[in-house]
Amino acid sequence: MARDIKKLVAEMTLEEKCSLLGGGDFWHTKAVERLGIGQYMMSDGPHGLRKQDDKADHLGINESIKAVCFPAACATTSSFDRDLIYHMGDVIGKECQAENLSVVLGPAVCIKRSPLCGRNFEYMSEDPYLAGEMAASYINGVQKHHIGTSIKHYAANNQESARMSVSAEVSERAMREIYLPAFETAVKKAQPKTIMCSYNKINGTYSAENEWLLTKVLRDDWGYEGFVVTDWGAVNDRVKGVIAGLDLEMPGNTAANDAAVAAAVREGRLDEAKVDECVERILKVFFDYDDNREEQVFDRAADHEIAARIEEDCAVLLKNDGLLPLDPSKKYLFVGEYAVKPRYQGGGSSHINSFKVDSAFECSRAAGRNIDYIQGFPMDKDALSEEDLASLLAKASEYDAVLVFAGLPDIIESEGYDRKDMKLPASQNRLIEELLKVQKNVAVVLSNGAPVELPWADEVPAILEMYLGGEGVGQATDRILFGEVNPSGHLAETWPYKLSDNPSYMNFPGNTRRVYYREDVFVGYRYYDTKEMPVRYAFGHGLSYTTFEISNLRCDKECFTDGETLKVCVDVKNTGSRAGKEVVQLYVSDLNGTIERPVKELKGFEKVELQPGETKTVEFEIDARALSYYSEELGDWFAPSGEYALLAGEASDRITAEGRVKFETKKMLPLHIDVDTTIGELLSDPRTAPVIHQMMAGRAHDSGEGGISGNEEEDAAMQNAMMQYMPIKSLVSFGVLPPDQVQGLLDMIRSQV
Ligand code: BGC
């Protein structure tokens, strides 16, 4: 039976209520024993449990219980598979029930603004639609078991440099279009039980005390029902926080802040009803867990296998000139310490004490492959001994191919700091380049959480990106390399050729106080595609051992309007000779040119499994929001009436099916009318255009002047072009309007709006 939380809150003293708004210790909430309220434990995730029994810390330094490390978000998002990540959430939800954890902290959906962000491996994508869809599925999987999630870090925590003091200076449009929608989708489709606010400030105000963020956007606009928890230690002024919409401060040591909240109520600076609401929201989440305990066993061996199967659908085949899959009857050399000690997770608070780790070498050996191993370079240092290199080069040509296991060392990629550059250790690049001189069949297997520059990419025949693939990565690598699994991951982020191509390059990471998001909405492929800038691997790119054809895009309507949906169908055929999975992506492009917009934006994706020769139809549904940008003037989403292109393909740079649709809206942008309003603005607004046309027709009639070109139509076009930027006041200077008629014209125009 559901407990009467309101009644319980009414029985509490002010002090008891305020105590519940702060953590009891590092991972637990406080109890109110008198009323039968216990302590509840939360734990880091999101790709496995980091349950710390004793020595607690949030930097991944002290040990936690043995758990299963699933692939990190950089990998799982590359699956473009909602069911897969739901399944992972489901398994983690069960593990939490078995381990008495009420909330798992994650998923993390901050946008990958720069490839350098130290936590990109934990974040999902540079694209908010993809991140939101995948996060919602993960959350639904976990929360099915009445375990809470804590989507993080809300918001604009796109760098580790100065993350606790920096203010992200972002336009509202960029917030609404890029940095918030992943949270919005998760809230609307999955209601995460908790949401973790970020350390940083946004436009000068700490997230933990940002009323616009925590109340206006989160609760009023999106209808959020759960509670807001601080990132660990993200409180500046808790009273301000509670007023803004913050519910729970973590970790412990909150007695002074609890007392400050109570004092604010007593002194009339804070309404006690606000405190009651916070307590109600918090208890609702924990009681839901308490009242729905499941008998679960954390079967680590079984979950390890699940982690490996998940990774098989995440790895991205970046390049393949036919070297892969490897022929199991031939002889191969594995080079690089990552082949025997995989790098499969990142550093910091998401670090799992893994139950068991599979290396590619041991899995390939166990599968009976004919392989040898030479270290070549160490995993934790940028070092290459000339002697070792010479002996490797002497042997390399004895094999049918050499597989180089390259990647980023732990020290380079972690929570708490950003990368300095986008390079692999120089020793790895050198080894690959030297190898290519003696052996043309070199495949590179990468382990890293974010894009790296690949100076040898044109020379090597194959590159397989495993990302940080979790503890089963070795199995997945072996099975993909030897063709037992057909790779199907696609990039959730663009890989530029070099760091300086990235749109945030000039403004990342700012200084300790401020970072300006000057690229605005042009993040990731939104920038590269609009600028027509070549990149190493485009957003959405991912190869397979078979081939696919995406064609025949059609819509169920030629025109649609506000409140309606549009169905878009596209066919996808497996044109090769192996079964495989394709990611069909749908992008939308505004053809009306009313405001600076990215040339296209992802609005749908589906992963489809196809047998050789098989064709399936994929159906997408979009609405007005999918066509819209955020208009700051309107304070709302807006899609102008007009034509839009629908683009389907297997990557943002491989669009193979296209269609057009018309959209009609009754929404209007506000039009500010004064003497500086231009004729162009008035002509492009359907409310005022008739008045101006009438005025101009009268003028042409009156003047009867001969035109410049002698051709009436051309003259009219020239006159219109010149009038575009002419403000109302200039009509007087150019004798179009007598001065005493300006006010009358303004009044007439205003009466139309
Ligand atoms: C991290 C969070 C994490 C928390 C608890 C913070 O430093 O930013 O992502 O959940 O610590 O470990």
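Order of listing sets the numbers, starting from 1, for every ligand and every atom in it. All values below come from the heavy atoms of this structure, side chains included, with hydrogens, waters and symmetry mates left out.
- In summary, the atoms of ligand 1 found under 4.0 Å from a heavy atom of Tyr199, numbered by their order in the structure, are 6 (C), 7 (O), 8 (O).
- Heavy-atom contacts of Ser349 reach the following atoms of ligand 1: 1 (C), 2 (C), 3 (C), 9 (O), 12 (O) (cutoff under 4.0 Å).
- With hydrogens and angles left out, the side-chain atoms of His28 and Asp25 include a donor and acceptor closer than 3.5 Å.
- For Tyr527 and Ser504, the side-chain atoms include no donor-acceptor pair closer than 3.5 Å.
- Atom numbering of ligand 1 starts at 1 in the shown order; those under 4.0 Å from a heavy atom of Asp231 are 1 (C), 2 (C), 3 (C), 4 (C), 6 (C), 7 (O), 8 (O), 11 (O).
- Using 4.0 Å as the threshold, His153 has a heavy atom nearer than that to some atom of ligand 1.
- When all heavy atoms are compared, the tightest approach of Val523 to Asp520 is CG2-O, 3.6 Å.
- Not a single heavy atom of Met250 sits closer than 4.0 Å to an atom of ligand 1.
- Between the side chains of Ser350 and Glu415, no donor-acceptor pair is found at a separation under 3.5 Å.
- With a 4.0 Å heavy-atom cut-off, ligand 1 is reached by no atom of Glu160.
- The aromatic ring centres of Tyr199 and Tyr206 sit 6.0 Å or more apart.
- Judged purely by distance below 3.5 Å, without hydrogens or angles, the side chains of Gln39 and Thr29 never pair a donor atom with an acceptor atom.
- Residue Met42 does not touch ligand 1, judged by heavy-atom distances below 4.0 Å.
- Contacts of Lys152 with ligand 1, taken as heavy-atom pairs under 4.0 Å, involve the side chain alone.
- Checking each of His153, Glu413, Gln159 against Arg119 for a side chain to side chain donor-acceptor pair (under 3.5 Å) leaves exactly one that passes, namely His153.
- Listed by atom number, the atoms of ligand 1 under 4.0 Å from Glu415 heavy atoms are 1 (C), 6 (C), 7 (O), 8 (O).
- Of the heavy atoms in Trp27, only side-chain atoms (C-beta onward) come closer than 4.0 Å to ligand 1.
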